[in-house]
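Presented below is the structure to which this report refers.
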Amino acid sequence: MKETAGTTGLIFNEPLLWEKGKKGRTAFSLPRRDVKEHAVDENLKGSGPDFPDLSEVDIVRHYIRLSQWNFSVDSGMYPLGSCTMKYNPKTNERQSALPGFAMAHPLLPEPFSQGVLKLMFELEQYLTEITGMDATTLQPAAGAHGELTGMLLFYTYLKSKGTPRSKILVPDTAHGTNPASASLCGYRSIALKSNERGVLSPQAVDELMDEDTAGIMVTNPNTLGLFEENIKAVADIVHARGGLVYCDGANMNAVMGIVNMGELGVDVLHLNLHKTFSSPHGGGGPGSGPVCVRKDLEPFLPVPRVIKKKGKYELSEDFPDSMGKVHAFYGNIGVMIRAYSYILSMGPDGLKKASQLAVLNAAYVKDNLKGTFHLPYDRPCMHECVFSDKLQEPYKVKTLDMAKRLMDYGFHPPTIYFPLVVPGALMIEPTETESKETIDLFIESMKAIAREAQENPELLHAAPQKTRRRRLDETLAARKPRLSG
Amino acid sequence: MKETAGTTGLIFNEPLLWEKGKKGRTAFSLPRRDVKEHAVDENLKGSGPDFPDLSEVDIVRHYIRLSQWNFSVDSGMYPLGSCTMKYNPKTNERQSALPGFAMAHPLLPEPFSQGVLKLMFELEQYLTEITGMDATTLQPAAGAHGELTGMLLFYTYLKSKGTPRSKILVPDTAHGTNPASASLCGYRSIALKSNERGVLSPQAVDELMDEDTAGIMVTNPNTLGLFEENIKAVADIVHARGGLVYCDGANMNAVMGIVNMGELGVDVLHLNLHKTFSSPHGGGGPGSGPVCVRKDLEPFLPVPRVIKKKGKYELSEDFPDSMGKVHAFYGNIGVMIRAYSYILSMGPDGLKKASQLAVLNAAYVKDNLKGTFHLPYDRPCMHECVFSDKLQEPYKVKTLDMAKRLMDYGFHPPTIYFPLVVPGALMIEPTETESKETIDLFIESMKAIAREAQENPELLHAAPQKTRRRRLDETLAARKPRLSG
Amino acid sequence: MTIMRYLPHTPEDIAAMLKAVRIDSLEGLFAHIPDDCRRHEALNIPDHLTEWELNDHMDTLAGSMAVSPDYKVFMGAGSYEHYIPSAVSFLVGRSEFATAYTPYQPEVSQGTLQAIYEYQTLTSRLLGMEVANASQYDGASSLAEAMLMTIRVSKKKAVAVSRAVHPLYRRVLETYFEPTDLEIRELPYLGDGTTDLSPLKDMDDLGGVAVQSPNFFGCMENVEDIRHTLENKSALLVVCFSEPLAYGLYKTPGECGADIACGEGQSLGIPRTFGGPALGMFASKMKYVRNMPGRLVGETVDLDGKRGHVLTLSAREQHIRREKATSNICTNHSLCALAAVMYMAALGGTGFKKLAQLNYDKSEYLKSALTGAGFKLPFSQATFNEVVVEFPASFTKTYQRLLKKKMIAGLPLGDFYPELKNHYLLCATETITKADIETLVQEIKK
Amino acid sequence: MTIMRYLPHTPEDIAAMLKAVRIDSLEGLFAHIPDDCRRHEALNIPDHLTEWELNDHMDTLAGSMAVSPDYKVFMGAGSYEHYIPSAVSFLVGRSEFATAYTPYQPEVSQGTLQAIYEYQTLTSRLLGMEVANASQYDGASSLAEAMLMTIRVSKKKAVAVSRAVHPLYRRVLETYFEPTDLEIRELPYLGDGTTDLSPLKDMDDLGGVAVQSPNFFGCMENVEDIRHTLENKSALLVVCFSEPLAYGLYKTPGECGADIACGEGQSLGIPRTFGGPALGMFASKMKYVRNMPGRLVGETVDLDGKRGHVLTLSAREQHIRREKATSNICTNHSLCALAAVMYMAALGGTGFKKLAQLNYDKSEYLKSALTGAGFKLPFSQATFNEVVVEFPASFTKTYQRLLKKKMIAGLPLGDFYPELKNHYLLCATETITKADIETLVQEIKK
Ligand SMILES: Cc1ncc(COP(=O)(O)O)c(C=O)c1O
Ligand SMILES: Cc1ncc(COP(=O)(O)O)c(C=O)c1O
């Protein structure tokens, strides 16, 4: 094996912020006072927050040191399944930082915000085209927020047809946000078992889909990395009974330019710009979860919508059937700017190529690790593949142990224990921005870990060893919550 | 003792660039071709450089990983004596990156470059004022380049008075660049011993200063961190014999607003903007080494000079006595922008305070470590203090060992084995931007190392242990030079 | 073909990998997808731009926007112009923060985790609350989630919300409540600009009561009075905000007895960016923590007993509880929270108070300039950095004239409050100079 | 008093530290300085600006400069506009690179050291030389150091330098040589724009001969011919450059027989910044390495035998050899070298060639547009991205008119070469479009 990617080096300890502050310091340049001080209503006056005072060098070192405790896409391969941790292009950061965007007030009179309105208008068009749907709203702030928006669209649309209905079918492979979003909208989730091939069977849908069921939430490609091959048949059943088909498009990275979601019978779909469209995940956000819909759902989209009139862009509230609003303003513009930049940088060929290579990388990992790890669904995969720890069970080595050990090898672990249908799941999504060499090293590392599992399981139980902190006691954290200092 | 600052954590191995490239990749967005391809003269045509081809993610990860192998001011205290590794304010980076500066062509017609000319003009004024001299050139690209400029000024000035003379007095405490710069100018360096107080004695100067000696190169405060208390007497002797006094102002950080260099009898002095004036050192540059002079040397300064005429700034070549040019254009504007921003941010009070605190920090370190380490010159220090390894000799522990061990404690080592007059020197310059807490931790760490030297010298011989690489074989490197891959 | 710089595969790589997976072409990777599911036309989006064409294009778009310093924007209304230290922007951009995922694997995410723990702590202190979560999307969704939480805690079916809460937040709340059987009752506002509490007396079936303070008119609510009014009632008191800098000067929600404090944190070091990404802040009393939405970072120890941080109490969350979760939130606004904690730390307690005072003083100066010029400020209650002013009906023309002079004279309120026709909401933060204010008022008088 | 954000000392800290050093005030720290050495007046510089005032001030200064895209600058002459990938700017700004010192302590500087080792390697390859140093200040000082090096190696007392070498580089060279007893002889140029080699035949006492290729007129020198001419002579051949991108298209100095190749690397990913900081590149044959100026990074192993890098061969340098050093250089242009290696790596060999070809093609288009419009290109030799054109005497007016139209029509050569009055040096890199060229030429014709 080549030199592993992971090693140890000098990094720094750093206390909590308030363990280092001292009154009389500041890292802020207080603007010059040009007006006199006014008295404040004594009844309302407070004493101000108890924050530590620090100098600029304190702040800088504090966060530089903290940053060095993180793994990130810029430091190495981050094959978190379902998260599409692709490379985040640096030019996108330049664009979103342009003062014209960054300093713009959201309520500027429209003639004074044409640039960003045009960007939103065009981005909607591009996303509509890429998904093969008919219209798009950019308002949702993340994937789950898009799902909520989608469920609200179901509700509003169905209500306009008579009754919103009360149930919704959610496959057992679905992401947790799907049923949670449905619940927020008052829909009771009905669990739908996927079949032995890891996908939905029309029969199962046929059995459960009734006149009180609003429809179905499909993820396609699904969280097993498989294409829902029966999607059209499923959609036909749902539609025939007056229901709607929602598609969780978190995995769109597998099928740009390859599948037309509109043609599959999907009525509503959300995208994750922070996955497929390369905006950085920021250690947990912000993201952006645009929702694309079929023509007849368009009137129900959130307002305001960006429209074009005589060559000028406007924000219009004039959609009387609209479901309302999910964001105070228009959503996460900063993320949209990055996605727009990405789409323009890639072009139609680039996007399709990205999907092809994302699938190629996943297929290559799957074929190379099959045998070393148990592959519960041995079928052509899309952008990710899901293994389990079954073959390591005899050695009392669990998915968690292997994930932690992978850190020592210099890789971020895959998503683990999801989807729930695969016990001890190891869900690997390499993305298209990883080179063959990196993936080969990842495969070698995974194989080395499998060998270690047989030969030296303690090594895995004690992993990680190279990180600044060893395994953390999550039970303690939950039993005696310390949520602030 | 508190938790040490240094620890180990996960970082990454990374091969050399050309060990990872593969033809058919690129990290560059080739501009669109809008003109047709022309044939190239076959006799002159080459085959193009043999560079590896890499993708953008390759490049980004490569340098992110490499960066994590470095210690920097932003990661911790960097008390390199003589280098003034103070905090580099982030706003300065914003200013120097402004497109109006960064994209400006140096030969723009003057009406189109007023902004940067004004900046240069004002910066010259500020530096002239801070040093108490009469005029300044910004052209030299670094401290040593400033010294060369200074020596050329000596030469040109003295030649205009008759003869340039052939020798120059250089104290034994001088930085290596001083004699090297003098040599470049054809001056033979005459070593001047400092006295038992670590400073120049007028007697010694009196003995050596003759009519063939161009003058003296003093560093004040000198490299022992001591103020040259006899500077005026020395200057008088030199001047009386027709010579000039050069001051290496690398240590100006000790005396801003406190000493007026002009009044000390200094004729020519260089500054290091990358030390005193907070511009980052960049892992070895770029710097900027302005030279300030007394009135009668002004006509000899390099051209072009920025002048102001009817409210407009011009670059004037109209200085017939000028020594010439040391830079193709005007010096390191990017560094000047940072220094200018720093001076404006600090103001007169801030600069003086900075010097006071720089001296306070050094004095505090000196008093706290005295006794633990041998202090060859036990006198009031300026911005730095110099210890030696004499007390550790019995344990066969050398300055080098202690320096390497300090890395494990999470600090950058001090300058070592310089100045040459102190065998095994440990030259500590904390700078004013280190807080008392950081300095206390540094002191504790140094004391812990002194204890280890007694109790466990092997630990020090084997240091550093926490870095990705252990001690490197410098002898091998020099014996069998491998200077490219 | 141009090589795309984000795609590292050479033709040879592709060939070798296809061979390894025994498939003969890239198209072949999708052969298992039923043909009627395949897309047959190419994507109809513009051909790719080079990095340089993109720069030009984006410069043009951004260049068309009216922003300071070119324009003087006297507009707050939920989005505030505050100075952001360059050190904060620099640090937020660190690769290791920006390109990491949610810290599911704590051993390789201690940087994000400690920073968010610090954010939770400083947020708790700022709001005077016991516990703050790791962030929500924005102020509006925070409020909606807060009201849903009051329902979960109280098991009631109605909430009351002040009409002086940001009208856009209220619309989001309505949208969230639409598919439920929950009722939202509106509390009117009084002549002094604060909420009319009198209707509350007769409402015993409320799960929660929400006011915003400073409210949409910039006025401080008498939150302590509301607390008193709610004594012996089941309703939880929710204090919402869009300008948390006010708590550098005024009492915190916690001090005034809030059960939940939530709102928008954009003011704290986050650029406005046309409204997003911003920062949903969310805090509550500790006793309600298990009903909170969103992620929480907690302190713990590692195998060696060393302090570290992890995501915790996730039994509330969608990935564990699925349809029974307290919220559906997954991706939150972590990097914005990071910016906020850096900003709060950069100011420090001392700086925060001083900056709050300065904002107050600027807007007080604006107020006196406006009254001095003869305009009416309808609301008498104390404000922070915003104020409602009534202009003559002819002011719409003046507003247009001012736009031409690159001044944006606040937000017209008529669209949001029909009863407040000819009323404008003006804002003056530390970025507005005395001279700016004088110019504005002089131009208005013209 | 305002607290300065770069100074962390609180009044209590200062008091405690003063107490520890047994001094009673900050002023007291300087009591040992003789009074007649003390400054008694305060510094007469402007009062401090806040971060925000500074931003405004600097925006104003920067805003007054004529730069692209607003202006079309057809000017090279040693400073070239090339696109810089945003990834490069981003990486160069990493704290760990930017705020480190010269890598004297290799164990904590492996990042800089490996990167500079890579820079040396790619520079060697680019120039076709055996060894490159870690950088000099700029092209001019590189040339001066190169000529001094030829003297050290050859022990001669004279050098010859082509008149077609950048006139500003030659002035720096003259300044460096002024205090020495060394002679500089000028080689004239021929009608085709290349150096006249005939005077060399009779010079046997030369230590070095320097030409620039592409030279100041943009013309490629026939370096191989010079090598032949120098056969059996002691003189070292120095090939200088101001536009290294040319070696993506043309033969390298090494291929043509250079002993030393040196010049300016600003083209390689470094913003122009009004002329500095730029990058002095310096390379030579291995046999001369011990006479080279500047730092060198070499490969070695650590105690465990693992590969690592260190500064090496420092016995040449000032900190070891003091007055006998090969040069006085200490601080060099490390971060610029880092930018250059990132840039070279980002382009890759393939991209580098393509970009060079594109530059060539743009300037060929410019040439044909100019000749098409009836202007004379006096020099017939092949060029890279610059060209000399002769305009009618009235062109000074045209030049001013073009300035008003935000076009900078090259550099007038009369100041540098009195014999080239009415001649202008024009440049077209990849940043100039065909349309830009057409507009320029049309405007000139008007
Ligand atoms: C399949 C799937 N659906 C939905 C989501 C939720 O998206 P977000 O985290 O942006 O809310 C995720 C993200 O983890 C996902 O993987
Ligand atoms: C005292 C002294 N003089 C001169 C120099 C040379 O300055 P530079 O490295 O900028 O050339 C230094 C820098 O190390 C120094 O410490």
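Values below: every heavy atom of this structure, side chains too, minus hydrogens, waters and symmetry copies. Numbered from 1 within each chain, the chains take letters A, B, ... in sequence-line order. All of these numbers come straight from a predicted model, not from anything done at the bench.
- A salt bridge between Glu37(A) and Lys353(C) is absent, with no side-chain N of the basic residue lying under 4.0 Å from a carboxylate O of the acidic one.
- A salt bridge is defined here as a Lys NZ or Arg NE, NH1 or NH2 lying under 4.0 Å from an Asp or Glu carboxylate O, and Lys362(C) with Asp34(A) meets this definition.
- When heavy atoms are compared at a cutoff of 4.5 Å, Met407(A) approaches chain C solely by way of its side chain, counted from C-beta outward.
- Heavy atoms closer than 4.5 Å to chain A are found in the side chain of Val131(C), but not in its backbone.
- Top candidate by heavy-atom pairs under 4.5 Å with chain C, chosen from Ala462(A), Gly186(A), Gly331(A), is Gly331(A).
- Side-chain N/O atoms of Ser72(A) and Ser75(A) include a donor and acceptor closer than 3.5 Å.
- Interface remark: Asp59(C) contributes backbone and side-chain atoms alike to the contact with chain A (heavy atom separation under 4.5 Å).
- Contact annotation for Tyr247(C): only backbone heavy atoms (N, CA, C, O) come within less than 4.5 Å of a heavy atom of chain A.
- Met58(C) and Ser341(A) get closest at one heavy-atom pair: CE-OG, 3.5 Å.
- For Leu264(A), the part lying under 4.5 angstrom from a heavy atom of chain C is the side chain only.
- Contacts of Ala478(A) with chain C are made by both backbone and side-chain atoms, with heavy-atom separations under 4.5 Å.
- In this pair, Tyr137(C) and His145(A) present their aromatic rings tilted. The plane angle is within the 30 to 60° band.
- Interface remark: Tyr83(C) contributes backbone and side-chain atoms alike to the contact with chain A (heavy atom separation under 4.5 Å).
- Outside the 6.0 Å centre-distance limit, the rings of Phe418(A) and His319(C) are not counted as a close aromatic pair.
- Comparing Arg322(C), His48(C), Glu323(C) by heavy-atom pairs within less than 4.5 Å of chain A, the highest count is held by Arg322(C).
- Looking at Pro464(A), only its side chain comes within 4.5 Å of chain C, counting heavy atoms on both sides.
- Interface residue Leu108(A): backbone and side-chain heavy atoms are both found under 4.5 Å from chain C.
- Ser435(A) touches chain C through backbone and side chain together, each having a heavy atom under 4.5 Å away.
- Listed here is the closest heavy atom pair of Leu347(C) and Thr26(A): O-OG1, 3.5 Å.
- Residues Pro179(A) and Val170(A) share a closest heavy-atom pair of CD-CG1, 4.0 Å.
- If you measure heavy-atom distances from Leu411(C) to chain A, the contacts under 4.5 Å come from the side chain alone.
- For the options Glu255(C), His9(C), His166(C), Glu264(C), heavy-atom pairs under 4.5 Å to chain A are most numerous at His9(C).
- Taking the six-membered ring for Trp and the full ring otherwise, Phe352(C) and Phe51(A) have centroids separated by under 6.0 Å.
- If you tally non-hydrogen atom pairs under 4.5 Å between each of Met103(A), Arg94(A), His62(A), Lys45(A) and chain C, the highest count goes to Arg94(A).
- His274(A) and His281(A) have tilted rings, their planes meeting at an angle from 30° to 60° on a 0 to 90° scale.
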>> Working note: Glu474(A) + Thr300(C), criterion side-chain contact (heavy atoms from CB on, under 4.5 Å); need CA distance, chi angles, decisive distance, verdict.
In response: CA-CA 7 Å; Glu474(A) 310 207 14; Thr300(C) 187; over 6 Å; no
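- Note on Arg38(C), Met342(C), Glu51(C), Met220(C): by heavy-atom pairs under 4.5 Å with chain A, the leading option is Met342(C).
- Contact tally against chain C (heavy-atom pairs below 4.5 Å) for Gly324(A), Ala144(A), Gly350(A): the top residue is Ala144(A).
- At a 4.5 Å heavy-atom cutoff, the contact between Ala345(C) and chain A is made by backbone and side-chain atoms alike.
- Of the atoms belonging to Glu93(A), not a single heavy atom falls under 4.5 Å from chain C.
- Residue contact with chain A, scored on non-hydrogen atoms closer than 4.5 Å, involves the backbone and the side chain of Thr112(C) alike.
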Please lay out, stage by stage, how Gln95(A) and Asn55(C) fare under the test side-chain contact (heavy atoms from CB on, under 4.5 Å).
CA-CA 7 Å; Gln95(A) 315 308 345; Asn55(C) 287 348; 2.8 Å; yes
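- Residue Pro302(A): no heavy atom, backbone or side chain, is found under 4.5 Å from chain C.
- Using a 4.5 Å heavy-atom threshold, the side chains of Trp18(A) and Glu118(C) count as touching.
- With chain A as the partner, the residue from Ile408(C), Leu403(C), Leu338(C), Thr431(C) showing the most heavy-atom pairs under 4.5 Å is Leu403(C).
- Heavy atoms closer than 4.5 Å to chain C are found in the side chain of Ile231(A), but not in its backbone.
- Heavy-atom distances place the side chain of His57(C), and not its backbone, under 4.5 Å from chain A.
- Heavy atoms only, all atoms of each residue included: Leu107(A) and Ala77(C) are closest at CD1-CB, 4.0 Å.
- Contacts between Thr433(A) and chain C at a heavy-atom distance below 4.5 Å involve backbone atoms as well as side-chain atoms.
- Heavy atoms of Val310(C) lying under 4.5 Å from chain A belong exclusively to its side chain.
- In this structure, chain A has a heavy atom under 4.5 Å from the backbone of Ala278(C), while its side chain stays farther away.
- Of the two parts of Leu344(A), the backbone and the side chain both hold a non-hydrogen atom closer than 4.5 Å to a non-hydrogen atom of chain C.
- No other option in Leu303(C), Thr252(C), Ile14(C), Val289(C) has as many heavy-atom pairs under 4.5 Å with chain A as Leu303(C).
- Within the 4.5 angstrom heavy-atom criterion, only side-chain atoms of Leu91(C), from C-beta onward, approach chain A.
- Leu351(A) touches chain C through its side chain: at least one heavy atom from C-beta onward sits under 4.5 Å away, while N, CA, C and O do not.
- At a cut-off of 3.5 Å, with distance as the only test, a side-chain donor of Ser181(A) or Glu147(A) sits close to an acceptor on the other residue.
- Ranked by heavy-atom pairs under 4.5 Å with chain A, the list Ala87(C), Gly298(C), Ala98(C), Ala140(C) is led by Ala98(C).
- The parts of Leu18(C) that come within reach of chain A are both its backbone and its side chain, each placing non-hydrogen atoms under 4.5 angstrom from that chain.
- Looking at Thr312(C), only its side chain comes within 4.5 Å of chain A, counting heavy atoms on both sides.
- Scanning all heavy atoms of the two residues, the minimum distance from Ala20(C) to Tyr364(A) falls at CB-CE1, 3.6 Å.
- Contacts of Thr156(A) classified as side chain to side chain contact (heavy atoms under 4.5 Å, CB included), with partners at least two apart in sequence or in another chain: Phe300(A), Met323(A).
- Contact annotation for Asp138(C): only side-chain heavy atoms (C-beta onward) come within less than 4.5 Å of a heavy atom of chain A.
- Residues satisfying the side chain to side chain contact (heavy atoms under 4.5 Å, CB included) criterion with Ser278(A), sequence neighbours excluded, are Lys86(A), Pro89(A), Asn92(A), Tyr342(A).
- Heavy-atom minimum distance, Leu54(C) versus Ser345(A): CD2-OG, 3.5 Å.
- Residue Asp367(A) touches chain C through its side chain alone, counting heavy-atom pairs closer than 4.5 Å.
- One side chain, Thr350(C) or Asp53(A), offers a donor N or O that lies under 3.5 Å from an acceptor on the other.
- The contact between Asp473(A) and chain C is made by backbone and side chain atoms together, counting heavy-atom distances below 4.5 Å.
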